[in-house]
Protein chains: 2
Amino acid sequence: MRELKYAILGLADCSPVTGYDITKCFNASLSKFWDAKHSQIYPELHRLLEEGLVEYQVTIQGEKMEKKVYSITKKGREELLEWLRKDSDIMAVPKDTFRLRLYFGDRLTREELSETLNRQYKKRKSRFIYLESRKQATSEAAQDKSRYQREYMLLCGGILREGAYVKWLEECAEFLGIELED
Amino acid sequence: MRELKYAILGLADCSPVTGYDITKCFNASLSKFWDAKHSQIYPELHRLLEEGLVEYQVTIQGEKMEKKVYSITKKGREELLEWLRKDSDIMAVPKDTFRLRLYFGDRLTREELSETLNRQYKKRKSRFIYLESRKQATSEAAQDKSRYQREYMLLCGGILREGAYVKWLEECAEFLGIELED
DNA sequence: TTCTTCATGTAAACGGTTACATGATTCG
DNA sequence: CGAATCATGTAACCGTTTACATGAAGAA
């Protein structure tokens, strides 16, 4: 529970950050390790501040624009480490609208079902190909820069996940006797 | 949005159901096509009733225990079909606590990281093996009974997903130079 | 008789999204 | 000058979980 807390704490432990930085970081990487909107991040930062896990310094950007740069405190680092050492339960099966549609797919005509399957296949496959293409670039960076190693590992995880989904769709098509367009 | 609505509508379209039946159905199958607690299902059923998508008849179980058996209406079936024909966007990357822990894993000692990885590997692998073992049983049923076909397809999806996760953990171990116990 | 399962609900809290709201800075 | 980006917040709403609450039926 309260996992956003630890995602923020972890980022603040890498280097001092603003709420805006955190938002960008969550949106940026393909290999999303977490996701949150700024409307969730700012209140959480306030809460971490109250709990004494982070502190901030106001910096002036340009003429007068204030930004709050948060750093982790000793107490914050301790709590982060404590959390990192904990056991992770395997996550509940994610809710997947496509899977739900497929489950009740016998109500559709053969053509409709084929369309449903093909549309998903197209999307998943193009995402898979895109991630694969990004792997090469990240792979080289991961060799020397240790900060790219974790990005690389997560990217590999994403590729394997997408690959499994694509393969599943191919299996479904075969099982249902549906032709997949490529 | 409101996907629980369609999960319930779909089940009610298979055969008349009580709220309790729906709850059981969601909890039962390995190849969970959806998940919800009874505290979410009962209010949703009331809402579907108001919208005229389901109707119910009260049945007496035993001496005096009343149960509400819901069936889908014509309007409900139409809305379900309309929804089934829609396109499914690919779901957002699921939030995964283990992935988050791994991302900040450089803060742990080599031994701690090894433990973290091994614990997850053990869980994932045993789940994978369990699902695989269930595949055989379901496979035979899927040959003749059409109602087992969709169960079978979803189970295959689950196996591929778990398999990919296991493979990813193995890749991570190799990348980090960590030995996985089997 | 006691325990499990069947059966139906409500209330509070939580995590997350969407929308509302404001204003400075930088780049073309 | 105008558009994109930087920067920080709040409020309402929605979906979901946990806890509260009750009681009958069936099996051991």
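So you know, we letter chains A, B, ... as the sequences are listed, proteins then strands, and number each from 1. All values below were derived from every heavy atom in this structure, side-chain atoms included, with hydrogens, water molecules and symmetry-related copies excluded.
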A.B. asks: Look at the side chain of Tyr20(B) and decide which nucleotide, out of dC6(C), dG15(D), dT10(C), has an atom nearest to it.
C.D. replies: dC6(C)

A.B. asks: Given dG16(C), dG9(D), dT18(D), identify the nucleotide with an atom nearest to the side chain of Gln40(A).
C.D. replies: dG16(C)

A.B. asks: Let's see if you can work this out: which of dA19(D), dT10(D), dG16(C) has an atom nearest to the side-chain heavy atoms of His38(A)?
C.D. replies: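 Closest nucleotide among those given: dT10(D).
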
A.B. asks: Could you tell me if the side chain of Arg99(A) sits less than 4.5 Å from the side chain of Val93(A), heavy atoms only?
C.D. replies: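 They are in side-chain contact.
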
A.B. asks: Of the listed nucleotides (dT18(C), dT18(D), dT8(D)), which one gets closest to any side-chain atom of Lys37(A)?
C.D. replies: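 The listed nucleotide nearest to Lys37(A)'s side chain is dT18(C).
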
A.B. asks: Grab the CG-P distance between Leu45(B) and dT8(C) for me, whole Å please.
C.D. replies: 9 Å

A.B. asks: To the nearest angstrom, how far is Glu3(B) atom CD from dT17(C) atom P?
C.D. replies: 14 Å

A.B. asks: Under 4.0 Å between a side-chain nitrogen and a carboxylate oxygen: does that hold for Arg2(B) and Glu44(B)?
C.D. replies: yes

A.B. asks: Taking only side-chain nitrogens and oxygens of Lys95(A), does any of them come within less than 4.0 Å of OP1 or OP2 of dT16(D)?
C.D. replies: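 Result: yes.
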
A.B. asks: Is there any protein nitrogen or oxygen under 3.5 Å from a nitrogen or oxygen in nucleotides 23-26 of chain C, and what are the pairs?
C.D. replies:
| residue | atom | partner | partner atom | Å |
| --- | --- | --- | --- | --- |
| dA24(C) | OP1 | Lys64(A) | NZ | 3.4 |
| dT25(C) | OP1 | Gln61(A) | O | 3.3 |
| dT25(C) | OP1 | Glu63(A) | N | 2.6 |
| dT25(C) | OP1 | Lys64(A) | N | 2.8 |
| dT25(C) | OP1 | Met65(A) | N | 3.4 |

A.B. asks: What is the distance, rounded to the nearest whole Å, between atom CD of Glu44(B) and atom P of dT17(D)?
C.D. replies: 14 Å

A.B. asks: Between atom CZ in Arg47(B) and atom P in dG9(C), what is the gap in whole Å?
C.D. replies: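 The distance from CZ of Arg47(B) to P of dG9(C) comes to 17 Å, rounded to the nearest Å.
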
A.B. asks: Evaluate the side-chain proximity of Val166(B) to Leu169(B): yes if any heavy-atom separation is below 4.5 Å, no if none is.
C.D. replies: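 With C-beta onward as the side chain, the pair stays apart.
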
A.B. asks: Side chain of Tyr70(B) only, please: which of dT8(D), dG9(C), dG15(D) is the nearest?
C.D. replies: dG9(C)

A.B. asks: Using a 4.0 Å heavy-atom cut-off, does Lys5(A) contact any base of the nucleic acid, only the sugar-phosphate backbone, or nothing at all?
C.D. replies: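 No contact at all - Lys5(A) keeps every heavy atom at 4.0 Å or more from the nucleic acid.
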
A.B. asks: How close or far is atom C1' of dG15(D) from atom CD1 of Ile8(B), stated in whole angstroms?
C.D. replies: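 To the nearest whole Å, that distance equals 13 Å.
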
A.B. asks: Measure from CG on Leu48(B) to P on dT8(C) and round the result to the nearest Å.
C.D. replies: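 It is 15 Å, rounded to the nearest whole Å.
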
A.B. asks: With sugar-phosphate meaning primed atoms plus P, OP1 and OP2, does His46(A) contact a base, only sugar-phosphate, or nothing at under 4.0 Å between heavy atoms?
C.D. replies: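 The answer is sugar-phosphate, as His46(A) gets under 4.0 Å only of primed atoms, P, OP1 or OP2.
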
A.B. asks: Would one find more than 12 heavy atoms of other residues, nucleotides or ligands at under 6.0 Å from atom NZ of Lys167(A)?
C.D. replies: no

A.B. asks: Report yes if a donor N or O on one partner sits less than 3.5 Å from an acceptor N or O on the other, where the partners are the side chain of Ser39(B) and the base of dT18(D); otherwise report no.
C.D. replies: yes

A.B. asks: Between Phe104(B) and Phe33(A), what is the ring plane arrangement, given parallel below 30°, perpendicular above 60°, and tilted in between?
C.D. replies: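 Correct class here is perpendicular.
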
A.B. asks: Phosphate oxygens OP1/OP2 of dT5(C): is one of them under 4.0 Å from a side-chain N or O of Lys24(B)?
C.D. replies: no

A.B. asks: Could you check whether Lys75(B) pairs with Glu79(B) (Lys NZ or Arg NE/NH1/NH2 to Asp/Glu carboxylate O, under 4.0 Å)?
C.D. replies: no

A.B. asks: What nucleotide among dT10(C), dT17(C), dT8(D) has an atom nearest to a side-chain atom of Lys67(A)?
C.D. replies: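 Shortest atom-to-atom distance from the side chain points to dT8(D).
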
A.B. asks: Between Met1(A) (CE) and dA19(D) (P), how many Å, whole number?
C.D. replies: 11 Å

A.B. asks: Starting from the 5' end of DNA chain C, give me the residue, Tyr42(B) or Trp34(A), whose nearest nucleotide shows up first.
C.D. replies: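 Nearest nucleotide further toward 5': that of Tyr42(B).
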
A.B. asks: Could you tell me whether Glu82(B) and Lys86(B) have a side-chain N and a carboxylate O separated by less than 4.0 Å?
C.D. replies: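 Looking at Lys86(B) together with Glu82(B), the answer is no, because their closest N to O distance does not fall below 4.0 Å.
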
A.B. asks: Quickly work out the Arg2(A) CZ to dT18(D) P distance and round it to whole Å.
C.D. replies: 17 Å

A.B. asks: Does this structure show an ion pair linking Lys95(A) with Asp35(B), if we count only N-O contacts that are shorter than 4.0 Å?
C.D. replies: no

